[in-house]
**Q** 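The structure that follows is given in the form of structure tokens.
First listed ligand is number 1; within each ligand, the first listed atom is number 1.
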Amino acid sequence: MPNPFTNATKQLENAAELLNLNKNILEILKNPKGILEVSIPIKMDSGKTKVFKGYRSQYNDALGPFKGGIRFHPKVNLSEVKALSAWMTWKCAVVGLPLGGGKGGVVVDPKKLSAKEIEKLSRGYVQAMKDFIGPEKDILAPDVYTNPQIMAWMMDEFSRIKGYNVPGFVTGKPIEVGGARGRKFSTAQGGIYVLEKAVKRLKMNSEKTIVAIQGFGNAGSFVAKILSALGYNIVAVSDSRGGVVIDQESGIRNQKFKNNGLNIKNIIKFKKETGSVVGFPNTKTITNEQLLKLDVDILIPAALENVITEKNASRIKAKLIIELANGPITPEADIILEKKGIIVVPDILANAGGVIVSYFEWVQNLQNYYWTEKENISKLKTIIEKSFDKVWAKKECSNISMRLAAYMVAVERVAKAEELRRGL
Ligand code: NAD
């Protein structure tokens, strides 16, 4: 399995080379500023005590406080957390936010825990990290298998420790406790704004466009719902248990789709009831690997990292890939996709909608003044579309991939801040 942090470093080095970046600054940018590893003891429902391992990587804060989600997943490891914190740094920078990058994780399978145990774990993570996090230091948010309820528990725990309400230490909270309106679908919405920009540039026809989505959680299910309402034909979706593709005898092309391919509203309902998209009526079951290789126009990885590697990249048929997941494509696979002429809108731009609205949430928490959903989403649109145009212009003028162009914009911003602050 490729090492995510090696991938993240390679992406930085590629941009640094083109930018002719000062070697001293590159050395700084290649390392997280700090890493915390903690043990979180939890008294389980059975009465036994179990100790969980938790991480926080604080990558860079030259532009502002560290900012990044927390993941509850059995495969969380230090390399992954470091990579995710580096990607957060470049993500905040490419869209011009006054924030740095961080990320956290706990090695746990939350599906095996009761709600009470998950609450204890969430509070335990905050207790263990309390001296290193906070609205001016490091701001948390949801990621894979964490959600607004978990953010509410974390906010409550941190406020309890401080003795007063501190909503701005975590974003992605429920609206009732200081969450931003529209935050829950903002990652998907941001992805759609850049997707539509790319569709226009590539002169694709949205009504005939066929889409496959890997991952059906917060990012994947909202993107499916919004795209389907816009008239895109979603033909395949998946989750950790596998995928489903629309069952059409003559294949997924040249069909007159009824209801825009799969009925996404019904699939969301089906997954709520059964726990998976697998088994949805009138579909064929496929693997996550098969989904990636379907003959579609747009592929949206929205689950985990390292799913498109040098082993399967040559068999990807999509013309456009929107990386809603963080790090789904390895650097080796990037080279193959570029040679095939496939346009990849990179994660640091494509899924930045979440952190943009998280930034709005933080600002609103600090000033105790709340905006409407319309205000949040229209400001998101302005920021992400402007960032897309900037990255696209760089790609066109230097004849490079969108990933490299996005990294160049981001790395240049962080490097300049480091240079000014350190006098290098
Ligand atoms: P989530 O927990 O809501 O959903 C994750 C989905 O991935 C679930 O449907 C799960 O079944 C599926 N999944 C898990 N393992 C899988 C596997 N091996 N193969 C296929 N599917 C699998 O998480 P999310 O918040 O939607 O995050 C998904 C991705 O988007 C992650 O890479 C995350 O870092 C990224 N992301 C999320 C946000 C956000 O605001 N939620 C923001 C930016 C990036």
Side-chain angles (χ1 to χ4, degrees), residues 1 4 8 67-76 80-81 83-88 90-92 94-95 101 103-105 108-111 118 140-151 170-173 179-180 182-191 194 212-225 236-244 267-268 270-272 274-278 286-292 299-308 322-329 345-359 361 380 384:
M1 188 55 126
K67 174 88 190 83
I70 161 156
R71 179 174 289 196
F72 285 179
H73 195 275
K75 290 198 176 138
V76 161
E80 180 186 68
V81 175
L84 288 163
S85 68
W87 292 325
M88 278 308 294
W90 313 131
K91 190 180 303 180
C92 292
V94 79
V95 293
K103 200 83 179 193
V108 58
D109 184 352
K111 290 179 185 165
I118 293 177
L140 314 188
D143 192 68
V144 174
Y145 296 156
T146 53
N147 56 34
Q149 172 61 76
I150 291 176
M151 300 307 113
V170 55
T171 60
K173 301 180 292 296
R183 170 64 182 89
K184 67 177 181 200
F185 62 88
S186 58
T187 302
Q189 187 64 66
V194 298
I213 302 169
Q214 183 185 62
F216 208 66
N218 177 281
S221 68
F222 275 113
V223 92
K225 196 171 154 184
V237 295
S238 71
D239 56 33
S240 60
R241 296 198 209 157
V244 289
I267 295 206
I268 291 174
F270 183 82
K271 183 169 163 79
K272 251 189 207 142
T274 66
S276 176
V277 296
V278 176
I286 50 172
T287 63
N288 266 291
E289 184 62 26
Q290 285 170 323
L291 179 139
L292 297 170
L299 178 61
I300 307 184
L304 297 174
E305 55 270 16
N306 287 335
V307 292
I308 303 179
I322 307 288
E323 289 187 323
L324 268 200
N326 283 307
I329 302 177
V345 183
D347 47 7
I348 60 169
L349 176 63
N351 69 34
V355 74
I356 293 172
V357 178
S358 272
Y359 162 59
E361 183 171 333
L380 157 68
I384 208 157

**Q** Does any N or O atom in Y145 lie less than 3.5 angstrom from one in ligand 1, N or O only?
**A**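 Yes.
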**Q** Within the 4.0 Å heavy-atom shell around S240, which atoms of ligand 1 are there?
**A**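 Once the distances to S240 are compared, the set is 10 (C), 11 (O), 12 (C), 13 (N), 14 (C), 15 (N), 16 (C), 21 (N), 22 (C).
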**Q** What do the steps show when you test K271 against D239 for salt bridge (Lys or Arg N to Asp or Glu O under 4.0 Å), and what is the final call?
**A** CA-CA 10 Å; K271 183 169 163 79; D239 56 33; 3.1 Å; yes
**Q** Just which atoms of ligand 1 are under 4.0 Å from any heavy atom in N351?
**A**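 So the atoms of ligand 1 that pass are 43 (C), 44 (C).
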**Q** I'd like to check which ligand 1 atoms, numbered from 1 as shown, lie under 4.0 Å from a non-hydrogen atom of R71.
**A**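 This gives 31 (C), 32 (O), 33 (C), 34 (O) as the contact atoms.
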**Q** Looking only at protein heavy atoms, identify the closest one to atom 7 (O) of ligand 1 and say how far it is in Å.
**A**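 For atom 7 (O) of ligand 1, the nearest protein heavy atom comes out as A303 CB, 3.6 Å.
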**Q** My understanding is that we take every heavy atom of each candidate and find the minimum distance to atom 42 (C) of ligand 1. Doing that for N288, T187, V144, which one comes out nearest?
**A**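 It is T187 that holds the nearest heavy atom.
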**Q** Regarding ligand 1, does G220 bring an N or O atom to under 3.5 Å of one of the ligand's N or O atoms?
**A**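 No.
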**Q** Between E80 and R71, is there a salt bridge with N-O shorter than 4.0 Å?
**A**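 Here R71 pairs with E80 in a salt bridge, since their nearest N and O are under 4.0 Å apart.
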**Q** Taking only heavy atoms of D239, which atoms of ligand 1 are found under 4.0 Å from at least one of them?
**A**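 Close to D239: 9 (O), 11 (O), 20 (C), 21 (N), 22 (C).
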**Q** I'd like to know if P142 contacts ligand 1, where contact means a heavy-atom distance under 4.0 Å to any ligand atom.
**A**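 Under 4.0 Å: no for P142.
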**Q** Relative to atom 41 (N) of ligand 1, which among N218, T287, I348 owns the nearest non-hydrogen atom?
**A**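 Shortest heavy-atom distance from atom 41 (N) of ligand 1: N218.
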**Q** Return the residue, atom name and 0.1 Å-rounded distance of the protein heavy atom closest to atom 4 (O) of ligand 1.
**A**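 The answer is G217 CA, 3.2 Å.
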**Q** Is there at least one pair of N or O atoms, one from R183 and one from ligand 1, spaced under 3.5 Å apart?
**A**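 Yes; the residue has a nitrogen or oxygen that sits under 3.5 Å from a nitrogen or oxygen of the ligand.
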**Q** Could E361 and K67 be called an ion pair, given the rule that one side-chain N must be under 4.0 Å from one carboxylate O?
**A**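 A salt bridge is absent here (no side-chain N lies under 4.0 Å from a carboxylate O).
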**Q** Is the shortest N/O to N/O distance between K111 and ligand 1 below 3.5 Å?
**A**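 The answer is no, given that K111 and ligand 1 share no N or O pair closer than 3.5 Å.
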**Q** Heavy-atom contact under 4.0 Å between E305 and ligand 1?
**A**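 Outside the 4.0 Å threshold, so no.
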**Q** Just which atoms of ligand 1 are under 4.0 Å from any heavy atom in A219?
**A**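 Those atoms are 26 (O).
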**Q** What are the two closest non-hydrogen atoms of V357 and R183, and how far apart are they?
**A**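 Between these two residues, the closest heavy atoms are CG1-CA, 3.8 Å.
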**Q** If the cut-off is 4.0 Å to any non-hydrogen atom of L324, which atoms of ligand 1 fall inside it?
**A**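 In order of number, 30 (O), 35 (C), 36 (N), 44 (C).
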